[in-house]
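Here's the structure we're looking at; comments come further down.
In what follows, every heavy atom counts, from backbone to side chain, and hydrogens, waters and symmetry copies are set aside.
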Amino acid sequence: MDANEILEYCLAKKGVIESFPFDNETLVMKVGTKMFLLMALEKQPLGINVKTDPEWSAELREQHPQITGAFHMNKTHWNSVMTDGLKRELIFKLIDQSYDLVFKSLTKKAKEEIINN
């Protein structure tokens, strides 16, 4: 899986915008005003940071050496995922859950604006 596939998948979701708030290499995907995915474009192998349910995070980290607590982020809720060796379905499921968790945390007004646009 490459960065373009991940970018296209994310941008197909409602209310998603891309930005580079930290530097020119770290792509941040947001729903509303909150980030749900970070991707270091210059690093290989390709890695992403996604938000996950804490219970699922523990399970994922036990089953997949490519998934660890996210550097510089709350390791209870955020995982670093090295995409090499992982099934694309799992990567998409991780992205979906991250988007859903962040979307649910938005205000009612922000959710309605996203849904109605």
Quick one: [atom1] on [X] to [atom2] on [Y], what's the gap to the nearest 0.5 Å?
X	Y	atom1	atom2	result
Met35	Leu38	CE	CG	5.0 Å
Asp53	Asp100	CG	CG	12.0 Å
Met1	Glu89	CE	CD	8.5 Å

Original post:
NZ of Lys14: more than 12 outside heavy atoms within 6.0 angstrom?
Top reply: yes
Original post:
For atom CD of Glu55, is the number of surrounding heavy atoms from other residues, nucleotides or ligands below 6.0 Å larger than 12?
Top reply: no
**OP:** Using only heavy-atom distances, determine whether the side chains of Ser57 and Thr52 contain a donor-acceptor pair under 3.5 Å.
**Re:** yes
Original post:
Any chance the side chains of Tyr9 and Asp96 put a donor and an acceptor closer than 3.5 Å?
Top reply: yes
Where is the tightest heavy-atom contact between [X] and [Y], given as atom of each residue plus distance?
X	Y	result
Phe71	Ser80	N-OG, 3.7 Å
Ile95	Lys13	CG2-CE, 4.1 Å
Asn49	Ala70	ND2-CB, 3.7 Å
Ile17	Gly32	CD1-O, 4.1 Å
His72	Lys75	N-NZ, 3.9 Å
Lys111	Leu106	CE-O, 3.1 Å

Would you say the side chain of [Y] lies within less than 4.5 Å of the side chain of [X], judging by non-hydrogen atoms?
X	Y	answer
Ile48	Ile6	yes
Leu41	Asn24	no
Trp56	Arg61	no
Ile114	Phe103	yes
Cys10	Tyr99	no

Under 3.5 Å: donor-acceptor pair, side chain of [X], backbone of [Y]:
X	Y	answer
Thr26	Asp23	no
Ser98	Val50	no
Asn79	Val81	no
Gln97	Leu94	no

Is [X] linked to [Y] within one hydrophobic cluster, defined over Ile, Leu, Val, Met, Phe, Trp and Tyr using a side-chain heavy-atom separation of less than 4.5 Å?
X	Y	value
Ile67	Trp78	no
Leu37	Leu27	yes
Met82	Met73	no
Val102	Val16	yes
Val31	Phe22	no

**OP:** Please lay out, stage by stage, how Glu25 and Lys43 fare under the test side chain to side chain contact (heavy atoms under 4.5 Å, CB included).
**Re:** CA-CA 9 Å; Glu25 297 174 7; Lys43 292 188 180 176; 5.8 Å; no
**OP:** Let me see the working for Gln66 and Thr83 under side chain to side chain contact (heavy atoms under 4.5 Å, CB included), right down to the final yes or no.
**Re:** CA-CA 7 Å; Gln66 303 95 320; Thr83 61; over 6 Å; no
**OP:** Applying side chain to side chain contact (heavy atoms under 4.5 Å, CB included), run through Lys51 and Asn74 and close with a yes or a no.
**Re:** CA-CA 9 Å; Lys51 190 169 190 173; Asn74 182 327; over 6 Å; no
Original post:
Is there a side chain to side chain contact (heavy atoms under 4.5 Å, CB included) between Leu86 and His64 once you walk through the steps?
Top reply: CA-CA 8 Å; Leu86 293 178; His64 305 282; 3.6 Å; yes
Original post:
Would you call Glu18 and Lys30 a salt bridge, using N to O less than 4.0 angstrom?
Top reply: no
